[in-house]
Protein chains: 2
Amino acid sequence: MNSIVSMLRERGIQPTPQRMAVAEFIFGIKSHLSADQVLEQVRSKCPTISRATVYNTLNLLVEKKLLKAQVLKEGTVVFDSNVQQHHHFIDEETGEIYDIPWEALRVTGEKSLRNFRVRELQVILRGKRIKK
Amino acid sequence: MNSIVSMLRERGIQPTPQRMAVAEFIFGIKSHLSADQVLEQVRSKCPTISRATVYNTLNLLVEKKLLKAQVLKEGTVVFDSNVQQHHHFIDEETGEIYDIPWEALRVTGEKSLRNFRVRELQVILRGKRIKK
DNA sequence: TCTATATTTAGACATTGTCAAACATTTTTC
DNA sequence: GAAAAATGTTTGACAATGTCTAAATATAGA
Ligand SMILES: [Mn+2]
Ligand SMILES: [Mn+2]
Ligand SMILES: [Zn+2]
Ligand SMILES: [Zn+2]
């Protein structure tokens with residue numbers, strides 16, 4: 001029935017009301033939000049939740065590979081519900097972060113970096129998003 | 001004579017003692033240091049310099065294109081005296097950041113991102129550096 | 001129910017970064 | 001050249017992000 005409950009249980013996470021509020025919110029959006037932005041939104045559903053619980057829950061979801069923490073903005077980590085490999089474009093005027101599908105770009109040459117074992121990579125692009 | 005003095009003057013930066021201490025230090029190293037790491041080192045030459053002045057000076061050097069601020073670590077910007085285009089490898093165990101020459105990798109496909117005007121890009125690789 | 005374990009919470013703390021006001025220097029006026 | 005004004009620089013105080021601890025609550029198992 002509730003797929004988020006089973007998603008959490010499969011990873012051994014007890015679905016408390018606070019964790020459900022955070023998970024339902026973060027898995028229901030596509031954007032890249034900071035912990036405090038998540039707190040602000042979740043408080044409307046669950047007004048008594050504490051800052052520490054939001055940080056704890058987000059970090060737990062990252063540890064269990066249901067979320068990815070991305071270092072894309074100055075000053076704060078953002079949490080990404082897209083855990084597949086992909087790239088990011090950052091609008092330098094607005095700070096908005098856009099997902100770029102993995103297949104849209106091709107990176108070559110990393111196999112010949114003899115001194116580095118590469119576990120993952122991504123391209124970070126910066127510029128201006130063109131108004132449609 | 002003093003090449004850092006003229007470097008600053010060429011960009012219209014008054015070479016105050018505090019700015020000289022920061023500039024001489026940051027242009028004398030290659031690594032990717034945070035503002036507070038710079039402060040700690042510069043204090044040995046110039047013990048009374050304030051944290052705000054170090055931040056101001058580093059940000060001024062970024063504005064004048066003598067340094068580049070890079071978002072590579074959680075929690076802090078790092079300052080890069082290598083202002084040429086290049087990529088970065090981050091050792092996930094040590095946190096150490098390594099420069100990857102621009103020519104070592106090739107990225108293709110960004111021209112076909114029709115909704116984005118790309119001003120710059122870099123590849124960020126994570127993994128383990130192999131002990132030589 | 002009773003007990004052990006797990007979770008939440010508020011607040012203290014550490015670190016990173018910004019800002020308005022104090023201070024210093026340069027330029028203008030007389 | 002001295003005084004005043006404008007401009008430039010530095011700084012301590014403050015804000016924002018994130019972690020930690022210990023006490024209170026909630027949950028699960030016997
Ligand atoms: Mn974290
Ligand atoms: Mn900055
Ligand atoms: Zn993403
Ligand atoms: Zn670099």
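If Gly12(B) and Gly75(B) are placed on DNA chain D by their nearest nucleotide, the residue sitting closer to the 5' end is Gly12(B). The nearest heavy atom of DNA chain C to Ala52(B) and to Cys46(A) marks one nucleotide each, and the one closer to the 5' end goes with Cys46(A). When each of Val78(A) and Gln14(B) is assigned the nucleotide of DNA chain D with its nearest heavy atom, Gln14(B) is the one assigned upstream, toward the 5' end.
Between Thr76(B) and the phosphate of dG17(C), there is a side-chain N or O to OP1/OP2 separation shorter than 4.0 Å. Contact annotation: Ser50(A) does not reach the phosphate of dT8(C) (side-chain N/O to OP1 or OP2, under 4.0 Å). Using a 4.0 Å cut-off, no side-chain N or O of Asn56(B) falls inside it from OP1 or OP2 of dT11(D).
Remark: Arg126(B) does not engage Glu92(B) in a salt bridge, criterion side-chain N to carboxylate O under 4.0 Å. Ion pair Glu120(B)/Lys68(B) flagged as a salt bridge, since at least one NZ, NE, NH1 or NH2 atom sits closer than 4.0 Å to an Asp/Glu carboxylate oxygen.
In this structure, Arg43(B) atom CZ and dT10(D) atom C1' are separated by 12 Å, rounded to whole Å. At whole-Å resolution of the value, CG in Leu39(B) and C1' in dG12(D) are 14 Å apart. Atom P of nucleotide dT9(D) and atom CG of Asn59(B) are separated by 15 Å, given to the nearest angstrom. The nearest whole Å value for the distance from the CZ atom in Arg9(A) to the C1' atom in dA28(D) is 12 Å. Here the P atom of nucleotide dT9(D) and the CD1 atom of Ile49(B) are 13 Å apart, to the nearest Å. Taking atom OH of Tyr55(A) as the reference point, atom C1' of dT8(C) lies 17 Å away to the nearest angstrom. Rounded to whole angstrom, the span from the CG atom of Asp36(B) across to the P atom of dG17(C) amounts to 7 Å. Straight-line distance from the CG atom of Leu60(B) to the P atom of dC19(C): 16 Å, rounded to whole Å.
For DNA chain C, the residues of residues 15-30 of chain A within the heavy-atom distance limit of 4.0 Å (strictly under) are Thr16(A), Gln18(A), Arg19(A), sorted by number.
The side chain of Thr48(B) has dT11(D) as its nearest neighbour among dT16(C), dT11(D), dT17(D).
Residues Val38(B) and Ile4(B) are members of one and the same hydrophobic cluster, defined by side-chain heavy-atom contacts under 4.5 angstrom among Ile, Leu, Val, Met, Phe, Trp and Tyr.
Aromatic ring orientation, His87(A) versus Trp102(A): parallel (interplanar angle below 30°, classes split at 30° and 60°).
A side-chain donor-acceptor contact under 3.5 Å links Gln37(A) to the backbone of Ser34(A).
Side-chain to base pairing of Arg51(B) with dG12(D): no donor and acceptor N or O lie closer than 3.5 Å to each other.
Residue-environment remark: NZ (Lys128(A)) exceeds the threshold of 12 foreign heavy atoms within 6.0 Å.
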Worked check of side chain to side chain donor-acceptor pair (under 3.5 Å) between Thr53(A) and Ser50(A)
CA-CA 5 Å; Thr53(A) 294; Ser50(A) 73; 3.2 Å; yes
